[in-house]
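Inspection log for the structure reproduced underneath, given as structure tokens.
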Amino acid sequence: MHTATVFIELGSVILVLGLLGRIAGRYGFSPIPLYLLGGLAFGTGGLLPLSASEEFVATGAEIGVVLLLLMLGLEYTAADLVTNLKAQYPAGAVDFLLNAIPGAVAALLLGWGPVAAVVLAGVTWISSSGVIAKVLGDLGRLGNRETPVILSILVLEDLAMAVYLPILTALLAGAGLVAGSVTLAIALATAGAVLFVALRYGRLISRFVSHDDPEKLLLVVLGLTLLVAGIAQQLQVSAAVGAFLVGIALSGEAAEGAHTLLSPLRDLFAAVFFVFFGLSTDPTSIPPVLLPALLLAVVTALTKVATGYWAARRAGIATRGRWRAGGALVSRGEFSIVIAGLAVTAGIEPGLGPLATAYVLILVVTGPLAARYTQPAVERLGGVIARRSRPWAPGARVPAQGTAVDGAPVDRAVVDGAEPVEDPVDEQSGQPLDGLSR
């Protein structure tokens, strides 16, 4: 009977996800917000709570994050990664300053103390690699010029988690300096070792993984990815970082074949991840903290847009790409929830968990919308401002020949019915007056 219940619950969830995906596709936007709202409906306090399949959904959600980062890593080579990281490390510093400080200040203003400030700083700092990877794929932007900039910032954040999480764990546990330093050293050594193997032996790994039989290729790539992700997680490094580096290590035919075979699995488990996020949220805990969470979300959404814009501008990306990069970074997700969960488990501050949940839920819903509409919205707003600030209106007098308006020479011909204006001259000498002598 238990197995039958699990099948019924999972079948219902997956069917609803498929229908929500169709609705999103019909109207041309990412299905992620609908997946999250569906999770709220199936979660504790929702319309139809799940019970029997909760553990399976939780495991499937973790696999979803791993596959999202693996597929993102398959888009780039190890050389691309190193080049981008070297070029974009200042953007990582700007990202930290603009997005971690608002969280820390908010915690201090709420009177939660320095440890809670460190926790909330992490919650507001880290973008959701899983959500952003899914959105970039949905919008067809994986090949855009700004995508390596976005990817570099995400990787820098994920690698920074290898430093941040051990420090946070030590603070929450009240551990001494020695214990915290050992944990940090192990995490850094693990991340460095995996990156070194990906760079040095990437071709050998690709040759070992590659196979003409799709079944064998799928099993080897998926098994290797889960193995490395699990080892990384065990050694206090993010499983997502491990999966991403596996994708980086694969190249050529192995990467192309793995991308084709794993795409359907990624879509399934990624949808499960977003549903699980909604399942883990009690809707009744959101209203009391909605206002401060909303204010914090607005501030840090703007700072993320500023981060992406600055990083893309520094990389020589055109204006449209800068705004797309900024909008893509808005989403928060899996890491923010993990950070808040550690604090809640340690009993640091009762209000921290609901605030972090409401904050992440706001940005994980609005983030995909920001990724899609930031650039067109800014362009439309700029067009409105430009039209209102034009130096003439229909029927007004326009400058004479040779006078520049908005950077372009204007002829003496009538524009929109306006009459031409002659250059002013000195009454005694008859010579034209320049702009300074007027």
Side-chain angles (χ1 to χ4, degrees), residues 36 58 61-62 65-66 69 92 95-108 110 112-132 153-175 180 183-184 187-188 191 232-233 235-242 273-274 276-278 280-282 285-286 289 292-293 296-297 299-301 303-304 329-364 367:
L36 290 164
E62 295 180 8
V65 176
V66 167
L69 270 295
D95 180 35
F96 170 76
L97 293 174
L98 290 182
N99 297 287
I101 290 177
V105 171
L108 294 176
L110 291 169
W112 287 352
V115 177
V118 174
V119 173
L120 199 55
V123 171
T124 59
W125 172 22
I126 304 299
S127 297
S128 172
S129 299
V131 175
I132 293 170
I153 294 174
L154 294 179
V155 172
L156 286 168
E157 289 180 349
D158 288 348
L159 293 176
M161 286 294 97
V163 178
Y164 173 83
L165 287 177
I167 293 175
L168 178 63
T169 303
L171 287 175
L172 294 175
T183 303
L184 176 60
L188 291 176
Q233 186 93 345
L235 295 174
Q236 305 297 322
V237 181
S238 165
V241 172
F273 162 69
F274 298 119
F276 175 73
F277 187 85
S280 61
T281 303
D282 186 355
S285 67
I286 295 177
V289 295
L296 190 58
V299 171
T300 53
T303 55
K304 275 292 181 183
L329 290 170
V330 168
S331 295
R332 311 304 202 275
E334 60 275 7
F335 270 132
S336 299
I337 292 299
V338 168
I339 293 167
L342 291 173
V344 171
T345 302
I348 294 299
E349 177 59 48
L352 183 58
L355 175 64
T357 300
Y359 168 81
V360 173
L361 188 62
I362 291 169
L363 289 183
V364 84

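In this text, all values refer to a predicted model and were calculated from it rather than measured experimentally.
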Indicate the atoms forming the closest heavy-atom contact of [X] with [Y], along with that distance.
X      : Y      : answer
Gly351 : Pro354 : O-CD, 3.6 Å
Val123 : Ser336 : O-OG, 2.8 Å
Leu352 : Trp112 : CD1-CZ3, 3.5 Å
Pro102 : Val299 : CB-CG1, 4.3 Å
Gly367 : Val330 : CA-CG1, 4.0 Å
Ala107 : Ala117 : CB-CA, 3.5 Å

Quiz item: Does Lys304 use its side chain to pair, donor to acceptor, with the backbone of Trp125 at less than 3.5 Å?
Solution: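 Such a contact is found between Lys304 side chain and Trp125 backbone.
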Quiz item: Counting distance only, does the side-chain N/O of Ser128 pair as donor-acceptor with the main-chain N or O of Ser331 below 3.5 Å?
Solution: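 Looks like no, no N/O pair under 3.5 Å.
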Self-check item: From Leu363 atom CG to Leu329 atom CG, the distance as rounded to the nearest 0.5 Å
Solution: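 Here the interatomic distance stands at 12.0 Å.
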Quiz item: Hey, what do you get for CD1 (Ile126) to CG (Leu156), rounding to the nearest 0.5 Å?
Solution: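 One finds 10.0 Å between CD1 of Ile126 and CG of Leu156.
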Practice problem: Say whether Tyr359 and Thr300, considering side chains only, have a donor N or O and an acceptor N or O under 3.5 Å apart. | Solution: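 There is such a pair between these side chains.
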Quiz item: Is it true that the side chains of Thr303 and Asn99 contain a donor and an acceptor less than 3.5 Å apart?
Solution: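 Short answer, yes.
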Self-check item: Student check: side-chain heavy atoms of Ile132 and Ser127 closer than 4.5 Å
Solution: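 With C-beta onward as the side chain, the pair touches.
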